[in-house]
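Note sheet for the following structure.
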Number of protein chains: 2
Amino acid sequence: MTEPGTGPGTGGESLLFLTDEQLRKGIEAMFFAYRGFTADPDRILDGMDYGRAHHRALHFIHRAPGTTVNNLLSILGVTKQSLNRVLRTLIEDGLVESRVGRQDKRERHLVLTPKGEDLERQLSDAQRARMRAAYRAAGPVAVQGFRTVLEAMMDPELRRQYQTLKEAGA
Amino acid sequence: MTEPGTGPGTGGESLLFLTDEQLRKGIEAMFFAYRGFTADPDRILDGMDYGRAHHRALHFIHRAPGTTVNNLLSILGVTKQSLNRVLRTLIEDGLVESRVGRQDKRERHLVLTPKGEDLERQLSDAQRARMRAAYRAAGPVAVQGFRTVLEAMMDPELRRQYQTLKEAGA
DNA sequence: GAATTTACGTCAGCCTTGTTGACTTTCCAA
DNA sequence: TTGGAAAGTCAACAAGGCTGACGTAAATTC
């Protein structure tokens with residue numbers, strides 16, 4: 001590490017964009033941008049009895065209706081105890097419905113109720129609004145690059161999860 | 001919201017990249033990529049008595065040596081009480097030095113000790129390695145777009161903080 | 001048919017990292 | 001010189017992660 005220049009000699013081209021300094025800027029950009037990314041939904045959730053964890057659950061249940069608890073677990077990357085706490089309140093409050101599986105009765109299939117859809121829409125509208133503004137300001141070429149780098153940054157297993165969802169939608 | 005096509009008629013150009021579906025993919029990409037982004041440092045920290053909050057403090061103290069607690073506070077966006085707990089352990093363990101201000105004795109100026117620099121380097125090496133791989137795989141044009149979109153996604157105030165740091169380095 | 005595995009739920013308890021509130025010390029300005 | 005504002009510290013609490021242990025029902029395997 002600590003390649004001060006990464007100038008000629010590193011591989012053939014100059015690869016100035018791989019400088020430690022450039023990478024550090026990317027890291028900081030990621031940090032600050034993620035704050036913006038979560039800010040709007042967080043603001044909406046604040047005051048309700050829910051938090052970011054509930055938002056994530058609603059998002060992915062909306063995205064993959066009828067998903068099982070186990071599947072949601074692996075997407076979110078948390079323990080079942082942790083998810084269960086969140087899920088329990090969402091079910092009690094009538095935002096999520098848990099249906100016993102028809103084939104495999106051990107499984108629970110999760111779907112949003114109309115009330116759950118409402119909140120999910122409210123949250124994702126806010127998040128998309130910011131995203132839309134950023135996309136519009138940056139333009140389609142930049143957006144393409146944005147997505148490419150993000151995908152390259154994922155762990156292989158998460159990338160697979162992401163691809164699966166990507167294909168499912170549209 | 002809920003623009004199913006966002007086809008012609010939205011503004012003039014086709015703007016296919018502003019579809020709700022495209023935005024949703026961007027949101028999910030952000031979610032999964034951030035997991036990868038923090039995974040390597042988290043793994044290193046795990047087992048030590050430190051966490052992500054310590055990493056962030058080390059990063060920005062390294063980046064802006066001699067910064068005051070207050071300044072660090074506004075960069076990190078947490079309360080001083082929250083930062084203080086993290087800072088206290090880092091100081092006790094001899095990773096960070098806190099110097100009473102010369103002009104204003106209320107202020108504490110923070111610098112990393114050699115030991116602190118060591119850990120910071122270890123963490124940021126790991127994080128940069130992933131970043132570097134992603135950048136290399138995506139190419140310079142994509143990286144440019146990545147940075148552009150991230151900047152556009154930040155809150156205006158955070159964007160200013162980010163710009164300031166960006167100018168400071170290099 | 002019995003034993004094992006799987007999917008899910010739950011209780012208990014811990015840790016990190018965020019929060020608010022109350023308190024000192026220090027500085028500065030009226 | 002005194003009263004308020006600012007920087008930092010201590011205490012207590014909440015959200016949301018975690019592990020470990022256990023229970024139950026359903027599916028699968030032997």
Side-chain angles (χ1 to χ4, degrees), chain A residues 31 34-35 38-39 41-61 66-93 96-111, chain B residues 31 34-35 38-39 41-61 66-93 96-110 123:
Chain A
F31 173 69
Y34 200 78
R35 293 253 295 277
T38 56
D42 280 358
R43 229 183 322 267
I44 294 173
L45 263 342
D46 192 51
M48 307 193 195
D49 287 351
Y50 305 125
R52 207 176 285 181
H54 300 82
H55 178 197
R56 288 198 283 259
L58 290 175
H59 175 104
F60 286 107
I61 295 173
T67 188
T68 65
V69 172
N70 240 356
N71 185 40
L72 196 52
L73 239 42
S74 80
I75 289 175
L76 295 174
V78 298
T79 59
K80 63 172 176 176
Q81 294 89 331
S82 193
L83 176 59
N84 190 257
R85 177 173 28 195
V86 166
L87 230 36
R88 187 168 34 200
T89 69
L90 289 174
I91 292 169
E92 278 170 6
D93 296 353
V96 169
E97 194 186 335
S98 170
R99 297 175 183 156
V100 172
R102 291 169 57 86
Q103 274 109 18
D104 190 332
K105 291 179 192 161
R106 293 170 305 177
E107 293 179 340
R108 301 295 134 87
H109 298 280
L110 304 168
V111 287
Chain B
F31 173 69
Y34 200 78
R35 293 252 295 276
T38 57
D42 281 358
R43 232 182 321 268
I44 294 174
L45 262 343
D46 193 50
M48 307 195 194
D49 287 349
Y50 306 125
R52 205 176 287 180
H54 300 84
H55 179 198
R56 287 197 283 258
L58 290 174
H59 176 104
F60 286 108
I61 296 173
T67 188
T68 63
V69 172
N70 234 2
N71 184 42
L72 195 52
L73 237 44
S74 78
I75 289 174
L76 294 175
V78 297
T79 59
K80 59 180 176 174
Q81 294 90 331
S82 191
L83 175 58
N84 187 257
R85 176 176 29 202
V86 166
L87 233 34
R88 186 169 39 203
T89 69
L90 291 174
I91 291 168
E92 278 169 6
D93 297 351
V96 168
E97 195 185 334
S98 167
R99 297 175 183 157
V100 173
R102 292 169 55 85
Q103 276 109 15
D104 189 332
K105 291 178 191 161
R106 292 171 304 178
E107 291 180 341
R108 302 295 133 88
H109 297 279
L110 304 168
L123 294 169

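First the proteins, then the strands, lettered A, B, ... as listed; each starts at 1.
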Output the rounded distance in Å from [atom1] ([X]) to [atom2] ([N]).
X: A:Asn84; N: D:dG20; atom1: CG; atom2: P; value: 18 Å
X: B:His109; N: D:dA7; atom1: NE2; atom2: P; value: 11 Å
X: B:Asn70; N: D:dA5; atom1: CG; atom2: C1'; value: 12 Å
X: B:Arg99; N: D:dG8; atom1: CZ; atom2: C1'; value: 18 Å

Taking only residues two or more places apart in sequence, or in another chain, which ones meet [X] in a salt bridge (charged side-chain N to carboxylate O under 4.0 Å, His left out)?
X: A:Arg43; value: A:Asp40
X: B:Arg35; value: none
X: B:Arg52; value: B:Asp42

(request) Give the first and the last nucleotide of DNA chain C, reading 5' to 3', that has any atom under 4.0 Å from a heavy atom of chain A. (result) C:dT6 to C:dC11

With sequence neighbours left out, write down each residue that passes side-chain hydrogen bond (donor to acceptor under 3.5 Å, both in side chains) with [X], or none if nothing qualifies.
X: B:His54; value: B:Thr89
X: A:His109; value: none
X: A:Glu97; value: A:Arg99

(request) Could you tell me whether B:Thr68 contacts a base, only the sugar-phosphate backbone, or nothing, with contacts defined as non-hydrogen atoms closer than 4.0 Å? (result) nothing

(request) Over all heavy atoms of both residues, which pair between B:Ala57 and B:Leu90 is shortest? Give the atoms and the distance, please. (result) CB-CD1, 4.1 Å

Short heteroatom pairs, N/O only, protein and nucleotides 27-30 of chain D, under 3.5 Å:
unit_1, atom_1, unit_2, atom_2, d
D:dA27, OP1, A:Gln103, O, 2.8
D:dA27, OP1, A:Lys105, N, 3.3

(request) Sorted by first residue and then second, give each salt bridge (Lys or Arg N to Asp or Glu O under 4.0 Å) pair with at least one member in residues 70-93 of chain B; sequence neighbours left out. (result) none

(message) Can you list everything that forms a side chain to side chain contact (heavy atoms under 4.5 Å, CB included) with B:Asn71? Sequence neighbours excluded, please.
(response) B:Thr67, B:Thr68, B:Ser74, B:Ile75

Between the protein and nucleotides 16-19 of chain D, list the N/O to N/O atom pairs that are separated by less than 3.5 angstrom.
unit_1, atom_1, unit_2, atom_2, d
D:dG16, OP1, A:Arg52, N, 3.4
D:dG16, N7, A:Arg85, NH1, 3.3
D:dG17, OP1, A:Arg56, NH2, 2.4
D:dG17, OP2, A:Ser82, OG, 3.3
D:dG17, N7, A:Arg85, NH2, 2.5
D:dC18, OP2, A:Thr79, N, 2.7
D:dC18, OP2, A:Thr79, OG1, 3.0

(message) Please enumerate all residues that pass ring pair (Phe, Tyr, Trp, His ring centres under 6.0 Å) together with B:Tyr34, with sequence neighbours excluded.
(response) A:Tyr34, B:Phe37

(request) Measure the shortest side-chain to side-chain distance between B:Arg56 and A:Phe31 over non-hydrogen atoms and say whether it is less than 4.5 angstrom. (result) yes

